[in-house]
Amino acid sequence: EKAIIKQKRLKHLYKPLQNSFLRDVTKIVCTSLNYAQSSPNLKRYKEKLEVIPIGIGEEFYPEPSDVNFNDVKKIVGNDFFLFVGILRHYKGLNYLIKSIKNLPIKLVIIGDGVLERKLKKLANNTGVYNIHFAGRVSEEEKAALFKLSKAVVFPSINRAEAFGVTLVEGLMYGKALISTELGTGTSYVNLNGKTGIVVEPKNSLALRDALLKLHYDSSLTKEMEYSSRLRYEKLFNSKIMAQKYFELYKSL
């Protein structure tokens, strides 16, 4: 279901195979209750569903050296808003770029992809100059950018964004989050009003308001940063995920 969004004709050919497979399996693991409840396919198999969120291990992320950290800071500064991901259509970056025009903030985009040139052209044509396309970076540079950022923004526009590991990384680094309501795991990772702000997809004005709110309300941002780190430790650590899978395997 996640992969077949644009190829609607292919979906009709694939659906009987999908349904046959789902009928035959004993358990179906879903990464969030949000996705399970909003999926027409998974609603038919409620008795088989197990929810196990994706977890990440902090120990597998590098600690940037002082030299690397300072080099990155010289290029982009700090307190910017950060996007991390492959530059694809469903990431909604065109709406994000339009939302930051003439704002007193800076946006840093990590990642490359088929839309990179098109997005750079959009930024140039619409007069958006407060943006830095970092392209593909090393894991150490990415860690430095997370640490230097003010908040993480994730403006995806459809269910191809089933979970959003970048949002979990934002929780791990204790960052406030901005994401969109897709009926998927993104709004399970990012609790609106707690760990960040959830807005309507394809809405540049809503993104703009959320960016300004976190930019100017430092006390709110600090509260969300604290809640983000706690939510990571409670739900999205890789050890918790592994234990849940182990228990599921034993039950089978």
Side-chain angles (χ1 to χ4, degrees), residues 32 34 53-64 66 68-70 72-73 75-85 92 96 99-100 103-111 130-132 134 137 139-156 161 163-182 184-199 206-241:
S32 73
N34 302 50
I54 296 172
I56 59 176
E58 191 170 18
E59 64 273 21
F60 299 111
Y61 283 74
E63 183 66 29
D66 291 341
N68 195 301
F69 185 85
N70 290 328
V72 171
K73 189 174 182 179
I75 296 171
V76 296
N78 62 342
D79 284 344
F80 48 82
F81 288 82
L82 180 67
F83 168 88
V84 181
L96 178 59
S99 76
I100 68 168
L103 291 190
I105 67 169
K106 184 173 184 178
L107 171 67
V108 174
I109 293 178
I110 297 177
N130 49 335
I131 183 172
H132 176 81
V137 300
E139 288 300 305
E140 192 173 352
E141 289 169 333
K142 187 177 87 167
L145 286 162
F146 263 109
K147 287 175 176 287
L148 287 164
S149 67
K150 184 180 190 69
V152 174
V153 57
F154 208 62
S156 300
E161 197 67 77
F163 191 76
V165 173
T166 293
L167 294 173
V168 180
E169 291 178 321
L171 296 183
M172 185 183 75
Y173 283 104
K175 298 296 177 178
L177 309 174
I178 297 174
S179 61
T180 51
E181 181 53 70
L182 306 172
T184 67
T186 59
S187 295
Y188 177 65
V189 179
N190 182 23
L191 289 183
N192 189 35
K194 293 291 185 180
T195 60
I197 302 173
V198 178
V199 302
L207 283 169
R208 187 182 185 91
D209 289 343
L211 291 163
L212 287 172
K213 190 169 188 177
L214 293 185
H215 176 70
Y216 285 116
D217 196 337
S218 57
S219 60
L220 175 65
T221 303
K222 288 293 182 185
E223 289 175 10
M224 289 178 172
E225 289 171 349
Y226 179 75
S227 296
S228 288
R229 179 63 194 185
L230 287 181
R231 190 157 177 79
Y232 163 73
E233 292 173 352
K234 182 178 179 181
L235 294 173
F236 299 105
N237 188 295
S238 60
K239 293 178 181 177
I240 297 172
M241 179 183 69

Minimum heavy-atom distance between [X] and [Y], given as atom pair plus value:
{"X": "T195", "Y": "V189", "result": "OG1-O, 3.9 Å"}
{"X": "V84", "Y": "T166", "result": "O-OG1, 3.0 Å"}
{"X": "E181", "Y": "S187", "result": "OE1-OG, 2.9 Å"}
{"X": "E59", "Y": "S238", "result": "OE2-OG, 4.2 Å"}
{"X": "F146", "Y": "V152", "result": "CE2-CG2, 3.7 Å"}
{"X": "V137", "Y": "A134", "result": "CG1-O, 3.8 Å"}

A side-chain contact here means heavy atoms from C-beta on lying under 4.5 Å apart; do [X] and [Y] qualify?
{"X": "S156", "Y": "T186", "value": "no"}
{"X": "F69", "Y": "L148", "value": "yes"}
{"X": "Y216", "Y": "P104", "value": "yes"}
{"X": "N190", "Y": "S228", "value": "no"}
{"X": "E169", "Y": "Y61", "value": "yes"}
{"X": "E233", "Y": "E58", "value": "no"}
{"X": "I197", "Y": "N192", "value": "yes"}
{"X": "E63", "Y": "K147", "value": "yes"}

Out of the candidates N130, L145, I131, L107, only one should pair with F80 under the side chain to side chain contact (heavy atoms under 4.5 Å, CB included) rule; please name it. L145

Look at the side chain of S99 and the backbone N and O of L96, then say whether any donor-acceptor pair between them is shorter than 3.5 Å. yes

Without swapping roles, check the side chain of R229 against the backbone of L171 for a donor-acceptor pair under 3.5 Å. no

Side chain to side chain contact (heavy atoms under 4.5 Å, CB included) assessment of I110 paired with L82: CA-CA 8 Å; I110 297 177; L82 180 67; 3.8 Å; yes

[X] [atom1] to [Y] [atom2] distance, which is reported to the nearest 0.5 Å:
{"X": "K234", "Y": "S227", "atom1": "NZ", "atom2": "OG", "value": "11.0 Å"}
{"X": "L167", "Y": "Y232", "atom1": "CG", "atom2": "OH", "value": "14.5 Å"}
{"X": "K106", "Y": "I100", "atom1": "NZ", "atom2": "CD1", "value": "10.5 Å"}
{"X": "L214", "Y": "F81", "atom1": "CG", "atom2": "CZ", "value": "5.0 Å"}
{"X": "K150", "Y": "T221", "atom1": "NZ", "atom2": "OG1", "value": "5.0 Å"}
{"X": "I178", "Y": "M224", "atom1": "CD1", "atom2": "CE", "value": "9.0 Å"}

Parallel, tilted or perpendicular: rings of F236 and Y188 (30°, 60°): perpendicular

Evaluation steps, side chain to side chain contact (heavy atoms under 4.5 Å, CB included), between V72 and N68: CA-CA 6 Å; V72 171; N68 195 301; 3.6 Å; yes

